[in-house]
Number of protein chains: 2
Amino acid sequence: MNRREASKAETRRLVLEAARELFSQKGMQECTIRDIAGKAGVSPASVLVHYKSKTALLEEALVGDIRDALSGLIASIPAGAGLLDRLMHLSKGMLRFYDRDRDIYRALVRLTIFEPVTETPGMTKQSEEYVRFLSEMVEKDKASGVIRQNVDPMFAAASIFFFYLGALTMLFRMPEMSVETVADMLSSMTAQYLEGITQGRP
Amino acid sequence: MNRREASKAETRRLVLEAARELFSQKGMQECTIRDIAGKAGVSPASVLVHYKSKTALLEEALVGDIRDALSGLIASIPAGAGLLDRLMHLSKGMLRFYDRDRDIYRALVRLTIFEPVTETPGMTKQSEEYVRFLSEMVEKDKASGVIRQNVDPMFAAASIFFFYLGALTMLFRMPEMSVETVADMLSSMTAQYLEGITQGRP
DNA sequence: TCATCATGCTAAACTTGTTTACTGAATAAA
DNA sequence: TTTATTCAGTAAACAAGTTTAGCATGATGA
């Protein structure tokens, strides 16, 4: 690595470090690029040399913890448990993770969820990994006979993910609602999904 | 009404009218408060006297059409059709409505969906009305024996709504995706939900 | 009618994300 | 080594949402 490249990487690291601290300390709104630049000892414009926008910086600052949370949950899935329990281990776990700092994660999701995929690589990758894992779970349970053979795993995974997204939306929209209330609701809805709601099937 | 109150109402009307035209003409991002103020013949600050923020103005400018779209769809539900067809009449209809101007509605949803309920009365009311209507539909189909008796109508309505929200998110996130593709996916997922995916129920 | 009050509206300022034009040092080329 | 080039970093400007302090006009009451 060049001297130039090294110095560049170091500056980038300083900015990210300052951003991590200040974002979690003061939230997205109250933390300005000038604050971050000041703490990192660089100019405000320099922040945007390394990160395309404040949103991109926020994403970069938070996505590591999200990835760790998800892979930690995946690694700790109770092996022998039923399908619903395994799904709720993941979904409730992620809800509880976001609940630890609702404001900052609400800001992140709000700023990224409706952006084109190319603009938000970090969050997109997380969502895709989540859905892919769900899809694999469904596939295995299909193979073992728990799930019916005519079920498309991708659609099932997307459905479960949409329930999770809906619950997350409720969590962010209703500050007075406890995460456990939302989690229980999600659990009931997912259970109902797994059961099916219409009568008279073959 | 006072002379003062009348003049105030008139100004408010002018601002809203200008906002409607400019928002749909140039989109949210490219249309500034100063533009709207100019077109309405008032000062920029005056816009914010009547509407708390640019977001609030956008909401006010669009929510009428959304309400009309939803009630039009509700009024035109095919009476004798099956549950899935009636649901898709609504959900697909709303997706097609938002598709007519994805950019402006993406901006609206993005700015309102994660805000506290009290900040976005218009959009909140629309969502609530939608879910309430879905809930009534489920209740009726439960009474007529189409839906199983152990199904909670509110949870079912919320599930169907979350599918719809997920589809809307995909529509906004993926500009290259056609509304009919998203609608078909939503249809498949909702159908699967109505069927249930697990085996071996009583 | 006159004095007081309330308020719709505004100009100007403020804030903050972002862009632009530039500089000086590091690197590459000769 | 000397020259040319690249480019990390910056100061200053810019853009646009929002806030503030004040004004002028209409409402209110004596």
Side-chain angles (χ1 to χ4, degrees), chain A residues 1-19 22-23 25-62 103-104 107-108 110-112 114-115 119-120, chain B residues 1-19 22-23 25-62 103-104 107-108 110-112 114-115 119-120:
Chain A
M1 189 154 63
N2 264 346
R3 196 146 107 207
R4 198 131 98 178
E5 283 168 353
S7 142
K8 183 180 177 182
E10 174 64 7
T11 305
R12 195 181 157 91
R13 197 189 60 73
L14 284 172
V15 169
L16 189 61
E17 192 178 42
L22 288 180
F23 277 143
Q25 204 176 96
K26 313 206 286 179
M28 169 76 169
Q29 196 76 312
E30 286 68 32
C31 169
T32 70
I33 288 188
R34 284 166 178 81
D35 290 340
I36 295 170
K39 176 141 196 162
V42 300
S43 78
S46 200
V47 172
L48 293 174
V49 166
H50 293 276
Y51 300 93
K52 209 177 66 182
S53 65
K54 193 184 177 188
T55 298
L57 178 56
L58 182 72
E59 188 186 11
E60 193 76 17
L62 297 182
D103 280 352
I104 201 72
L108 176 66
R110 197 183 108 114
L111 290 169
T112 57
F114 291 126
E115 292 313 296
E119 297 292 305
T120 58
Chain B
M1 190 153 61
N2 263 346
R3 196 146 111 207
R4 198 131 110 182
E5 283 169 353
S7 141
K8 182 180 177 183
E10 174 65 5
T11 304
R12 193 181 158 92
R13 196 189 62 74
L14 285 172
V15 169
L16 189 62
E17 193 177 40
L22 288 181
F23 276 142
Q25 206 177 93
K26 314 207 285 177
M28 169 77 169
Q29 195 77 315
E30 286 68 34
C31 169
T32 70
I33 288 187
R34 283 165 178 84
D35 291 339
I36 295 170
K39 175 142 198 165
V42 300
S43 78
S46 200
V47 172
L48 293 174
V49 167
H50 293 276
Y51 300 93
K52 209 177 63 181
S53 65
K54 194 185 177 187
T55 298
L57 178 55
L58 181 72
E59 188 184 11
E60 193 77 17
L62 298 182
D103 279 352
I104 200 72
L108 176 66
R110 198 182 106 113
L111 290 168
T112 57
F114 291 126
E115 291 313 297
E119 298 291 304
T120 59

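Every value quoted in this text rests on a predicted model; they were computed, and no experiment measured them. Sequence lines set the chain letters: A, B, ... in the order given, protein chains first and strands last, and positions in each chain run from 1.
- Taking atom CZ on B:Phe23 and atom P on D:dA16, their separation rounds to 13 Å, with Å as the unit.
- The interatomic distance linking A:Asp35 (CG) with C:dT15 (P) rounds to 12 Å, in whole Å.
- Among the heavy atoms of the strands lying under 4.0 Å from A:Ser46 is at least one base atom, whether or not backbone atoms are also near.
- The 5' end of DNA chain C is approached more closely, in terms of each residue's nearest nucleotide, by B:Arg4 than by the other of B:Arg4 and B:Gly41.
- Between the NZ atom of A:Lys52 and the C1' atom of C:dT19 there is a distance of 15 Å, given to the nearest Å.
- Contact check, B:Arg3 against D:dG26: a side-chain N or O comes under 4.0 Å of OP1 or OP2.
- Here B:Glu115 pairs with A:Arg110 in a salt bridge; the nearest charged N to carboxylate O distance falls below 4.0 Å.
- Closest approach to the B:Thr32 side chain among D:dT10, C:dT10, D:dA16 is made by D:dA16 (side chain taken as heavy atoms from C-beta onward).
- Taking atom NE2 of residue B:His50 and atom P of nucleotide C:dT7, one finds them 14 Å apart after rounding to whole Å.
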Take B:Lys8 and B:Glu5 through the test salt bridge (Lys or Arg N to Asp or Glu O under 4.0 Å) and record every step on the way to the result. CA-CA 5 Å; B:Lys8 182 180 177 183; B:Glu5 283 169 353; over 6 Å; no
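- Of the candidates D:dA12, C:dG17, D:dG9, the closest approach to any side-chain atom of A:Thr11 belongs to D:dG9.
- Other residues, nucleotides and ligands contribute only 12 or fewer heavy atoms inside 6.0 Å of the CD atom of B:Gln29.
- Where A:Val42 and B:Gln29 each meet DNA chain D at their nearest nucleotide, the meeting point lying more 5' is that of A:Val42.
- Nearest-nucleotide mapping onto DNA chain C: of B:Glu5 and B:Ala45, the residue sitting toward the 5' end is B:Glu5.
- When distances are taken from the side chain of A:Ile33 to each of C:dG8, D:dG9, C:dG17, the shortest belongs to C:dG17.
- Rounded to a whole Å, the OH atom of A:Tyr51 is 20 Å from the C1' atom of C:dT16.
- In this structure, B:Ser7 reaches the C:dC9 phosphate: one of its side-chain N or O atoms is under 4.0 Å from OP1 or OP2.
- Map B:Asn2 and B:Glu30 each onto its nearest nucleotide of DNA chain D; the residue landing nearer the 5' end is B:Glu30.
- A close approach under 4.0 Å does not occur between any side-chain nitrogen or oxygen of A:Ser53 and OP1 or OP2 of C:dG17.
- You'll find that the side chain of A:Leu48 is closest to C:dT19, out of D:dA27, C:dT19, C:dT10.
- Within the structure, side chain to side chain donor-acceptor pair (under 3.5 Å) contacts touching residues 47-62 of chain A (residues at least two apart or in different chains) are A:Lys52-A:Glu119.
- Rounded to whole Å, atom P of C:dC14 lies 14 Å from atom CZ of A:Arg34.
- A 4.5 Å side-chain heavy-atom check between B:Leu58 and B:Ile104 finds at least one atom pair inside the cut-off.
- Whole-Å rounding puts the B:Arg12 CZ to C:dT7 P distance at 17 Å.
- To the nearest angstrom, P of D:dA8 lies 13 Å from CE of A:Met1.
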